[in-house]
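Here's the structure, in structure tokens; my notes come after.
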Number of protein chains: 2
Amino acid sequence: MKEGPDIALIGALIGDPARANMLTALMSGKALTASELAGEAGVTLQTASSHLSKLETARLIRLRKQGRHRYFSLSGDDVGSVLEALMGLAAKYGHTRARTGPKDPALRKARVCYNHLAGELGVRLYDSLKKHRHIREKDDEVLLTDAGSVFVRSFGIDITTLGHARRPMCRSCLDWSARRTHMAGSLGIAFLDRFYDLGWAKRVDGSRVVSFSPQGEENFLKTFQL
Amino acid sequence: MKEGPDIALIGALIGDPARANMLTALMSGKALTASELAGEAGVTLQTASSHLSKLETARLIRLRKQGRHRYFSLSGDDVGSVLEALMGLAAKYGHTRARTGPKDPALRKARVCYNHLAGELGVRLYDSLKKHRHIREKDDEVLLTDAGSVFVRSFGIDITTLGHARRPMCRSCLDWSARRTHMAGSLGIAFLDRFYDLGWAKRVDGSRVVSFSPQGEENFLKTFQL
DNA sequence: TTCATAGTTCGATCATAATCGAAGCATTAT
DNA sequence: ATAATGCTTCGATTATGATCGAACTATGAA
């Protein structure tokens, strides 16, 4: 028997301490690797792997392969909402716990990821475009909307030269520091080039750091608001 | 070890199929007895009792003794919200299930419970007063607010004659058919008497049924809106 | 190529807790 | 008083699944 009725399956998933720790660690919106999640949960990598596969088949989390890393993140806002609601209930007669802090200074703020902008400002670029409906996420793809085309053109980027590439113009990219989605693809490259052309930013010698001028950063923040 | 972090405890509680069935059965807002919940969950009474005590110590459900029955209900709206959110998630890749229907015609609608109004209309009276902040629930007590005093007086009930009784003026009462809280106490009695006086309703001979006239019911529904 | 890192899969162990029979307690009915 | 109903507590059994060691796969680096 043991007919698993609706919410019991999900409850059981959340009910294991190791998995609960992993899920709360993912509540930040960051994507984490299996090793990191294992550390968060206080279990070995094998155990973590088992848990993660269960969470993924239940569609609570989402896997993105990048190189030899596997980045896990919550599969959607609704999952986060449920976890938050549960934390609210738990707060009635339980405790919460703190998270660990970040590290690394300038690289976290803005850096090159292959050939596009990553780091906090890269994430901001992506989030801002998404908020103003200039891009749309469709499953794994990222699409430029009509309004987005207008905006991009007005920003001084020639889309026609981008379009002829066979690869998708927009891609979302995930990288360490911020562990959030940011703008990649040919459009991501074009944006970064445009920032160089406008004199907003320039690369720092041998480093991956992208250095924004004070004025450039101000313009950037004004252009890509949240 | 096995440090139980926040949400895991609640998740584990919801994660057991028997408990999940009980909780979903309570989602209707009705209060159910241990036997009924055992039936819902498909387990014996002993097993159900064990589950119910766990749910109660975790404050997810609330117990009210009434006679030799024990009525369990969700402890609050927040618990219901979490369960609904979980059902939403489960709907992504699961199924839902139907509930059983009611029975009994006129008794369900309006009847006397000791000496006050019960049934659907009794529940409506209570809910309406609560919605318009004429009464307030404080832990196990039900209090008449200042606005409530004004309203009750304007409805033709003399509160001063009620106040001198040592027993609380308002009490919430739980009864079979609707299994929802309704208005009891001396105020509950006064309301029913007033309905009789206004000619809205009258008792039916040997039965517990309270029969509202068409006009009386219309007035009732207009006075006590939701 | 070889080595290292990141992760999965398999298998065995072990602990938790769900379950129910039996007995106990409390409240109402007769 | 005695019986019956409603429910809880105790104890033993059993099953589920969390855990990790060891071996295997894949990607990237030297």
Side-chain angles (χ1 to χ4, degrees), chain A residues 1-5 8-23 31-58 60-73 113-114 174-176 179, chain B residues 1-5 7-23 25-26 31-58 60-73 114 174-176 179:
Chain A
M1 262 301 154
K2 199 81 165 192
E3 190 186 347
L9 298 160
I10 297 179
L13 244 25
I14 302 176
D16 178 78
R19 285 191 294 257
N21 276 324
M22 293 176 174
L23 289 171
L32 298 171
T33 65
S35 315
E36 289 168 319
L37 288 168
E40 288 282 346
V43 294
T44 64
L45 191 54
Q46 310 94 291
T47 304
S49 180
S50 164
H51 287 310
L52 289 169
S53 84
K54 287 175 188 171
L55 288 173
E56 202 207 348
T57 57
L60 291 185
I61 62 174
R62 179 185 177 71
L63 167 63
R64 293 190 177 208
K65 303 175 189 176
Q66 187 150 303
R68 64 176 153 180
H69 291 271
R70 259 106 204 265
Y71 286 97
F72 294 92
S73 58
C113 177
Y114 303 119
L174 213 49
D175 201 297
W176 57 274
R179 297 295 164 71
Chain B
M1 263 300 156
K2 201 78 164 194
E3 191 188 346
I7 62 176
L9 298 160
I10 298 179
L13 243 24
I14 302 175
D16 179 78
R19 284 190 295 255
N21 275 324
M22 293 176 174
L23 289 171
L26 291 173
L32 298 171
T33 65
S35 314
E36 287 167 320
L37 289 168
E40 288 283 344
V43 295
T44 63
L45 191 53
Q46 309 95 288
T47 304
S49 180
S50 165
H51 287 310
L52 289 169
S53 83
K54 286 174 188 171
L55 289 173
E56 202 209 347
T57 57
L60 290 185
I61 62 173
R62 181 182 174 72
L63 168 62
R64 295 192 178 205
K65 303 175 189 177
Q66 186 149 302
R68 62 175 153 181
H69 291 270
R70 258 109 203 262
Y71 286 98
F72 293 92
S73 57
Y114 303 118
L174 213 49
D175 202 297
W176 59 274
R179 295 293 165 72

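Numbers restart at 1 for each chain; the letters A, B, ... are given by sequence-line order, proteins then strands. These numbers come from the heavy atoms of this one structure, side chains and all, not from hydrogens, waters or symmetry mates.
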* To do: In sequence, state the C-alpha distance, the side-chain angles, and the governing distance for Y71(B) and L32(B), and then conclude on side chain to side chain contact (heavy atoms under 4.5 Å, CB included).
  => CA-CA 5 Å; Y71(B) 286 98; L32(B) 298 171; 6.0 Å; no
* Find the distance Y71(B):OH to dT27(C):P and express it as a whole number of Å. => 16 Å
* In whole Å, what is the span from the CD atom of E36(B) to the P atom of dC7(D)? -> 8 Å
* Taking only the side-chain heavy atoms of T33(A) (C-beta and beyond), determine which of dG7(C), dT8(D), dT19(D) contains the nearest atom. => dG7(C)
* **dT27(D) OP1/OP2 closer than 4.0 Å to side-chain N/O of R70(A)** => no
* Residue list, side-chain contact (heavy atoms from CB on, under 4.5 Å) with A41(A), at least two apart or on another chain -> A18(A), N21(A), M22(A), V43(A)
* Asked: Can you list the residues that meet the side-chain hydrogen bond (donor to acceptor under 3.5 Å, both in side chains) rule with T47(B), with sequence neighbours excluded?
  -> T44(B)
* Residues that A12(B) engages under side-chain contact (heavy atoms from CB on, under 4.5 Å), provided they are two or more places apart -> none
* Structure fact -> Closest non-hydrogen contact found for S73(A) with A31(A) is CB-CB, 4.0 Å
* Round to the nearest Å and state the distance from D16(A) atom CG to dT19(D) atom C1'. => 10 Å
* Asked: When the distance from NZ of K65(B) to P of dC7(D) is rounded to whole Å, what number comes out?
  -> 12 Å
* With a 4.0 Å heavy-atom cut-off, tell me which residues in residues 42-54 of chain B come close to DNA chain C, sorted by residue number. => V43(B), T44(B), Q46(B), T47(B), H51(B), K54(B)
* Structure fact -> Taken to the nearest whole Å, CE/M22(A) to C1'/dT19(D) is 12 Å
* For the helix from dT1(C)-dA30(D) to dT30(C)-dA1(D), figure out the bend between the end axes, five pairs an end, and round to 10 degrees. => 20°
* To do: Measure the spacing between CZ of R19(A) and CG of L13(A) and express it to the nearest 0.5 Å.
  => 5.0 Å
* Structure fact -> The side-chain contact (heavy atoms from CB on, under 4.5 Å) partners of S53(A) (sequence neighbours excluded) come to none
* To do: Would you mind reading off the distance between R64(B) atom CZ and dC7(D) atom P, rounded to a whole angstrom?
  => 16 Å
* 4.5 Å side-chain heavy-atom contact, I14(A) and I10(A) -> yes
* Specify the separation, in whole Å, of atom CG of L63(A) and atom P of dA6(C). => 16 Å
* **L55(A) CG to dT8(C) P, straight-line distance once rounded to whole Å** => 12 Å
* **Non-neighbouring partners of E56(A) that pass side-chain contact (heavy atoms from CB on, under 4.5 Å), sequence neighbours left out** => I61(A), L63(A)
